[in-house]
Amino acid sequence: MKVFVWTDRDLDDAGCVLALKWLLKDKCTKFEFKSIEDRNFTGTFKGWLPAEDEYDKIFITDVQVPDELVSIVDTQKYVIIDHHKSHIDVKDRYKRAKVILKEYESATKLILDTFPNSKDIPDEVLKLADIINDYDSYQLKLP
């Protein structure tokens with residue numbers, strides 16, 4: 001399987017990429033990602049779109065899909081994962097894409113708690129995910 005991940009540019013987004021990489025490592029022959037800024041998402045995405053056919057599964061994590069891209073990404077090839085209320089509030093606009101939109105401390109934790117094979121992730125990666133979750137949710141309990 002060839003996978004592409006679109007994500008934002010903060011620590012939680014790095015955690016999303018890491019979690020997906022670990023969860024899909026035995027299934028992937030190709031794994032690529034691109035970090036974007038929300039304000040540049042549409043242009044960057046449309047520029048990349050001709051490469052879409054190279055991938056079997058495309059994830060969009062921790063980023064709200066702009067209205068003008070919803071009809072493009074609303075296919076079975078896409079998986080939309082986010083924990084922000086503003087995105088959850090508009091989840092009904094997706095009809096075909098797999099949607100994992102749920103209020104959670106972080107998107108990284110949402111991925112790890114949703115995917116069935118997350119028990120296979122090494123303890124070091126899970127510890128890093130806990131740190132990311134603590135930071136992204138502003139709990140700041142971990143050093």
Side-chain angles (χ1 to χ4, degrees), residues 1-122 125-142:
M1 175 169 59
K2 297 176 183 174
V3 171
F4 196 91
V5 180
W6 285 97
T7 194
D8 203 356
R9 295 183 173 198
D10 66 15
L11 185 60
D12 189 25
D13 303 306
C16 291
V17 172
L18 178 64
L20 288 170
K21 178 72 172 167
W22 274 98
L23 289 166
L24 301 173
K25 67 181 168 114
D26 294 334
K27 298 177 182 177
C28 283
T29 57
K30 182 178 186 177
F31 185 97
E32 296 181 345
F33 71 94
K34 183 152 184 75
S35 297
I36 52 95
E37 293 181 33
D38 284 336
R39 67 178 183 271
N40 296 331
F41 189 11
T42 300
T44 304
F45 184 86
K46 284 184 175 180
W48 169 86
L49 208 48
E52 178 189 45
D53 289 340
E54 295 176 32
Y55 301 95
D56 302 305
K57 195 57 78 176
I58 301 163
F59 292 84
I60 300 176
T61 65
D62 206 30
V63 177
Q64 184 161 335
V65 176
D67 292 340
E68 59 268 22
L69 296 180
V70 170
S71 63
I72 296 170
V73 306
D74 192 23
T75 71
Q76 293 180 348
K77 184 182 266 197
Y78 283 83
V79 179
I80 315 296
I81 303 171
D82 198 359
H83 68 113
H84 294 102
K85 185 170 179 355
S86 60
H87 203 175
I88 295 164
D89 289 346
V90 295
K91 69 180 177 185
D92 61 334
R93 64 187 181 159
Y94 303 105
K95 306 299 182 219
R96 292 179 294 277
K98 178 161 177 66
V99 176
I100 304 171
L101 296 172
K102 186 175 181 181
E103 283 193 67
Y104 240 71
E105 296 94 356
S106 67
T108 301
K109 183 164 176 51
L110 177 58
I111 290 169
L112 291 175
D113 287 352
T114 302
F115 281 67
N117 61 333
S118 60
K119 297 171 196 76
D120 300 334
I121 295 180
V125 175
L126 291 175
K127 185 174 181 177
L128 178 58
D130 286 341
I131 293 168
I132 291 168
N133 186 66
D134 179 68
Y135 179 79
D136 199 59
S137 63
Y138 296 104
Q139 294 176 28
L140 307 177
K141 295 177 183 173
L142 300 174

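Since the model is a prediction, treat every value here as computed from it, not as a measurement.
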For the [atom1] atom of [X] and the [atom2] atom of [Y], what is their distance to the nearest 0.5 Å?
{"X": "Lys98", "Y": "Ile80", "atom1": "NZ", "atom2": "CD1", "result": "11.5 Å"}
{"X": "Thr61", "Y": "Asp13", "atom1": "OG1", "atom2": "CG", "result": "5.5 Å"}
{"X": "His83", "Y": "Glu103", "atom1": "NE2", "atom2": "CD", "result": "10.5 Å"}
{"X": "Leu112", "Y": "Leu23", "atom1": "CG", "atom2": "CG", "result": "6.0 Å"}
{"X": "Asp12", "Y": "Arg9", "atom1": "CG", "atom2": "CZ", "result": "16.0 Å"}
{"X": "Met1", "Y": "Leu24", "atom1": "CE", "atom2": "CG", "result": "5.0 Å"}

- [ ] Could you pull out all residues at least two apart from Asp26 that satisfy salt bridge (charged side-chain N to carboxylate O under 4.0 Å, His left out)?
- [x] none
Do you know which two heavy atoms are closest between [X] and [Y], and how far apart they sit?
{"X": "Gly15", "Y": "Ile132", "answer": "CA-CD1, 3.6 Å"}
{"X": "Thr44", "Y": "Asn40", "answer": "OG1-O, 2.9 Å"}
{"X": "Ala19", "Y": "Ile121", "answer": "O-CD1, 4.5 Å"}
{"X": "Val73", "Y": "Ile60", "answer": "CG1-CD1, 3.9 Å"}

- [ ] Could you list all the ring-ring contact (aromatic ring centres under 6.0 Å, His included) pairs where at least one residue sits in residues 5-34, not counting sequence neighbours?
- [x] Phe4-Trp6, Trp6-Phe41, Trp6-Phe45, Trp6-Trp48
Open item on the list: According to ring-ring contact (aromatic ring centres under 6.0 Å, His included), does anything in residues 90-114 pair up with another residue at least two apart or in another chain? List the pairs.
Closed with: His87-Tyr94
Donor-acceptor pair, side chain of [X] and main chain of [Y], under 3.5 angstrom:
{"X": "Asp62", "Y": "Asp8", "value": "no"}
{"X": "Arg96", "Y": "Asp74", "value": "yes"}
{"X": "Thr108", "Y": "Cys16", "value": "yes"}
{"X": "Asp82", "Y": "Ile88", "value": "no"}

Counterpart residues, side chain to side chain donor-acceptor pair (under 3.5 Å), relative to [X] (two or more places apart):
{"X": "Asp53", "value": "none"}
{"X": "Asp89", "value": "Lys85"}
{"X": "Asn133", "value": "Ser106"}

More than 12 heavy atoms of other groups within 6.0 Å of [X] [atom1]:
{"X": "Glu54", "atom1": "CD", "result": "yes"}
{"X": "Lys141", "atom1": "NZ", "result": "no"}
{"X": "Lys30", "atom1": "NZ", "result": "yes"}

Open item on the list: Check Asp67 with Arg93, please: is the shortest side-chain N to carboxylate O separation under 4.0 Å?
Closed with: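 So Arg93 pairs with Asp67 through a salt bridge.
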- [ ] For residues Val63 and Ile36, determine if any side-chain heavy atom of one lies less than 4.5 Å from a side-chain heavy atom of the other.
- [x] yes
Open item on the list: Would Ile81 and Phe115 count as a side-chain contact (heavy atoms from CB on, under 4.5 Å) here? Give the steps.
Closed with: CA-CA 11 Å; Ile81 303 171; Phe115 281 67; 4.2 Å; yes
